[in-house]
Structure formats: C-alpha cells, structure tokens
Amino acid sequence: MKLRFKVSLITAAALFIGSAVSGAAVIYQSAYYNREKTVESYEQQTTAAARVVGKELEYELMADFTDATLASYYDYVLQKYAPAHYILVEGGEVVCNRTSYELADPTDIRWSERSVIQKSEDRYLLLVGRAVPAAGAKEYTLIGIQDITPVYEDIYRQSLLCAGICAGVSLLAALLAFAAVRRSLAPLRELQRAARDISGGRLERRADVRTRDEIGMLAVSFNEMADRIEEQVETLSRESERRRQMLGSLTHELKTPMTSIMGYADSLLHVKLREEQKERALRHIHEECGRLSRLGSKLMSLLGMYDNDSICMEEVSVEALLNSVARAEEAHLREKGMTLRCFCEMGTRRMDRDLFESLLINLIDNGIKASPDGGVIALTAAGEQITVQDWGCGIPAREISKVTEAFYMVDKARNRREGGSGLGLALCEKIAQLHGAELKIESTVGEGTTVRIVFYKTFTV
C-alpha cells in the first residue's frame with residue numbers, strides 16, 4: 001500500500017475513533033442526565049400524589065363502606081388525583097389499578113420507596129413506589145407506572161446521528177487527508193523520478209523541489225549528492241580517456257624501438273656480418289633497450305602518481321633542494337659545457353623532496369636539450385614560484401598547450417635522438433599538481449623557454 005493511502009487511512013481511523021469515543025461519552029452523559037431527570041420528575045409526581053391520596057383515605061365513613069363501595073371509592077380517589085398511571089396496594093393486595101399492567105408480586109418491598117426500570121417486550125417501564133402517609137389504620141402504597149420508552153428511543157436516535165456524523169467526518173477527513181498527503185508527498189515522487197533518471201544514465205537530472213520543509217532540505221542534499229556523483233563520473237571518464245590515450249601512445253612509441261631491435265637481432269641471426277657491423281648492431285640494440293627501459297620507468301612513475309597516495313610530505317629547505325639538483329645535473333651540464341645559475345630567496349616549503357627534485361631535474365634536462373653547447377640554465381626560487389629558464393630553441397606558440405600531454409614531443413626526431421619519450425613534462429605537471437602548484441610555460445622560438453612552478457594553494461595531507 002502506498003504511503004499516502006496509509007497516512008489517509010490512519011488519519012481517518014484516528015478521527016473516527018476519537019469522534020466515536022467523544023460522541024459516545026456525550027450521548028452517555030446526555031442519556032444518563034435525561035433518564036435521571038425523568039425518574040426524579042416522576043418520583044416527585046408520585047410523592048405528591050401519595051400525599052393527596054392519603055388525605056382522601058382518612059375519610060371516617062370508609063369503615064362503613066361495603067367492599068363494592070370501597071372499591072368504587074378507591075377508583076374515585078385515584079381517578080381524581082392520580083389518573084391512569086397508578087396502582088393502589090393495601091396490605092399486600094392491589095385494591096385499585098388504573099393502569100394496563102399487572103403487578104407480579106404486590107408484596108415485593110421494592111415497591112415501597114424505590115424506583116425500578118423494567119423492560120417489557122420492547123417497552124421500558126419506570127416503576128415508582130411511595131407509602132401513602134396518614135391513611136388511617138391501614139397501610140397503603142401508591143405505585144406509579146410510567147412508559148419511558150421515548151427516552152430510550154431518543155437515546156437510540158442520538159446514537160445513530162452520532163454514528164452518522166462520525167462516519168461523515170471520518171470520510172471527509174480521509175478525503176482531505178488524502179489530498180493533503182498527496183500534495184505533501186509530491187516532492188518525494190519528484191525525488192523518486194529524479195533518482196530513477198539518474199540511475200538510468202541521465203546524470204544531469206536534478207530534483208525540482210522548492211519547498212522549505214524537511215523534504216525540501218532532502219531534495220537539496222539529493223541534488224548536491226547528484227552534483228558530486230556527476231563530477232566524479234566526469235573525472236573518472238576523463239581519467240579513463242587519458243589513460244586510454246596514454247596506453248595507445250605507449251603502444252605507438254614501443255613500435256619504433258621494438259622494430260629496430262627485431263631488425264638488428266634478425267640481422268645478427270641470419271646475416272653474415274663483419275665484426276664492426278655486429279658491434280654496431282649490438283650497440284643499437286643496447287641503446288634501444290635502454291630507451292625501452294626509460295620509457296617503461298617513466299610510464300610506471302606517471303601511473304603510480306595517479307594511483308599512489310603514499311606521498312611523504314615534509315618541510316624541506318628550498319635552498320638545499322636547489323643545491324642537490326645542481327649536484328645531480330653537474331655531469332650532464334659538463335658534457336655540453338653549460339652552466340646552471342641558482343638563486344634562492346625562498347625558505348622552507350612542505351613537499352615530497354624526491355618527487356620535487358625529479359620535477360626540477362626533468363625541467364633542467366629539457367632546457368639542456370633545447371640549448372646550444374656552452375649555454376646557461378637559470379634556476380630561481382623566490383616568492384611563491386620556482387622558475388627554470390633557458391635561452392635555447394624555444395617552443396612554437398601553438399605547441400605550448402600540448403607539451404604537457406603524455407608522449408607529446410615538439411621535435412620528435414631530436415627527442416628520440418636524445419633518448420626522450422615525451423613523458424617528462426606530463427610527469428612534471430602531475431608532480432606540481434600534487435604539491436598544490438601549476439606549471440606555466442612561456443616560450444618564444446629562437447629566444448628560449450621559461451617554466452614557472454607557481455604555488456597557488458597550500459597542500460595538506
């Protein structure tokens with residue numbers, strides 16, 4: 001059963017029970033009051049009738065009356081003062097009966113001073129007995145009989161009316177409750193439809209609920225949850241697409257060294273070569289294997305940073321970090337007769353020392369590759385940024401936005417010749433993001449390139 005039907009039925013039942021109980025209490029009190037008032041009124045009438053009848057029964061000549069005359073006199077007295085509703089009892093015997101009923105036991109003491117209600121067939125009779133005072137030597141009892149069936153019929157009619165009113169009120173309450181509950185639960189139905197649409201793939205769907213009650217608050221939370229789910233799904237989709245493209249690019253990149261290795265290996269196996277040719281073929285195989293190893297290592301590093309949350313953040317002296325990078329690049333710089341100029345005005349920074357050192361080494365290596373022999377590389381740390389600048393060949397403006405894509409290389413021939421894989425700047429960008437920073441690349445063809453690592457927020461773990 002739907003919730004709106006349950007609430008409507010419960011409301012109608014509660015109202016019906018409440019109305020029935022209160023109506024029954026009112027009817028009971030009303031019936032009790034009417035019955036007591038009727039009994040009290042008839043008791044007063046019977047008491048008054050007993051007094052006046054008693055005065056008549058003090059007549060001195062009654063002692064000389066014959067039985068027939070006495071019976072006529074009793075009838076006369078009752079007809080005169082208490083017509084049609086009374087029975088006169090004397091000495092346990094009925095001496096005059098002006099009613100249409102017969103007493104089963106005139107000697108019953110209940111008729112002396114009590115009021116009794118008896119049911120005879122479908123009628124309700126009120127019997128009131130009173131001793132007749134000052135009636136001479138004899139003892140008389142006047143018993144009044146009153147049909148009070150109309151009182152009970154009135155109670156019955158009131159009960160039916162109350163039941164009808166309760167039923168009508170309950171039905172009306174059920175209809176009103178159903179309409180009110182249906183209106184109140186309309187936002188829940190909207191939430192249900194929104195949830196069904198979202199589960200069906202419509203992630204942009206939101207619940208259109210504008211109420212300010214608890215359901216409205218629930219709808220706001222539901223929409224916020226849907227926003228987060230949509231953001232996460234979009235992020236996962238983008239990440240999945242990036243990895244798919246990365247794997248496709250890796251497959252493409254592996255083809256060249258693998259083809260070269262297979263070609264030289266085939267020559268060594270099936271062609272008779274001179275010692276010089278064998279040595280050259282083996283050297284090429286060794287170089288291509290080294291390139292494959294570097295390519296695999298960088299790819300694993302890149303994938304590891306997407307999945308690994310074990311980054312070790314600590315306070316690191318930036319000046320000590322720059323000195324360490326300079327020592328690591330000393331041999332590489334010496335090969336090309338180049339100079340690394342370091343300048344530091346930054347104190348300590350919270351970072352993963354190994355990752356950030358790898359970032360700077362990658363940027364310096366790129367500068368060395370792009371610069372002529374005898375050139376200069378500048379490494380500067382000041383304010384909220386660390387800068388690596390070279391005065392080499394530069395990057396075309398249309399290529400700058402692409403250089404941080406995995407496997408993208410501006411000069412593919414030069415990069416492959418120098419052992420590049422196109423993963424360096426992709427790694428650098430990811431490391432910068434992990435440290436709450438971003439790479440900003442400025443370059444002019446023929447003038448050189450400046451890469452800025454700008455810290456835009458504090459990284460916390």
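In this text, all values refer to a predicted model and were calculated from it rather than measured experimentally. Throughout, residue positions are numbered sequentially from 1 according to the sequence presented.
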Taking atom [atom1] of [X] and atom [atom2] of [Y], what is their separation to the nearest 0.5 Å?
| X | Y | atom1 | atom2 | result |
| --- | --- | --- | --- | --- |
| R350 | F455 | CZ | CZ | 13.0 Å |
| I155 | Y124 | CD1 | OH | 9.0 Å |
| T450 | L363 | OG1 | CG | 11.5 Å |
| F356 | I453 | CZ | CD1 | 4.0 Å |
| Q389 | I364 | CD | CD1 | 13.0 Å |
| E442 | I395 | CD | CD1 | 11.5 Å |

Whether [Y] and [X] form a salt bridge (side-chain N of Lys/Arg under 4.0 Å from carboxylate O of Asp/Glu) is what I want to check.
| X | Y | result |
| --- | --- | --- |
| E315 | R349 | no |
| R280 | E276 | no |
| E224 | R228 | no |

Working for side-chain contact (heavy atoms from CB on, under 4.5 Å), residues Y152 and R35: CA-CA 8 Å; Y152 284 88; R35 187 178 61 188; 3.4 Å; yes
Okay, side chain of [X], backbone of [Y]: is any donor-acceptor separation there less than 3.5 Å?
| X | Y | value |
| --- | --- | --- |
| H286 | L282 | no |
| E447 | T444 | no |
| S240 | L236 | no |
| S443 | G448 | yes |
| K336 | S371 | yes |

Identify the two heavy atoms, one from [X] and one from [Y], that lie closest to each other, and give their separation to 0.1 Å.
| X | Y | result |
| --- | --- | --- |
| R157 | P150 | NH2-O, 4.5 Å |
| H332 | D365 | ND1-OD1, 3.0 Å |
| A326 | C342 | CB-SG, 4.2 Å |
| P372 | G392 | CD-CA, 4.2 Å |
| L126 | T38 | CD2-O, 4.3 Å |
| R353 | S324 | NH2-CB, 3.7 Å |

Side chains of R130 and T46, donor plus acceptor under 3.5 Å: no
Side-chain donor-acceptor pair present, D154, Q158, cut-off under 3.5 Å: yes
Check against side-chain contact (heavy atoms from CB on, under 4.5 Å), I386 and M346: CA-CA 9 Å; I386 299 176; M346 189 181 292; 4.1 Å; yes
Does some side-chain heavy atom of [Y] sit less than 4.5 Å from a side-chain heavy atom of [X]?
| X | Y | value |
| --- | --- | --- |
| E329 | I361 | yes |
| E314 | M351 | no |
| L379 | L360 | yes |
| H435 | D352 | yes |
| Y86 | T99 | no |
| T47 | V128 | no |
| E275 | E279 | no |
| D390 | I368 | no |

Audit row: V316, T348, side-chain contact (heavy atoms from CB on, under 4.5 Å) steps and yes/no: CA-CA 5 Å; V316 175; T348 60; over 6 Å; no
Greater than 12 external heavy atoms within 6.0 Å of R196's CZ: yes
Atom CD of Q385: over 12 foreign heavy atoms under 6.0 Å: yes
side-chain contact (heavy atoms from CB on, under 4.5 Å) partner of E357, the single match among L321, N362, L322: L321
Criterion side-chain contact (heavy atoms from CB on, under 4.5 Å) on I117 and L125, from CA distance to verdict: CA-CA 6 Å; I117 296 177; L125 302 178; over 6 Å; no
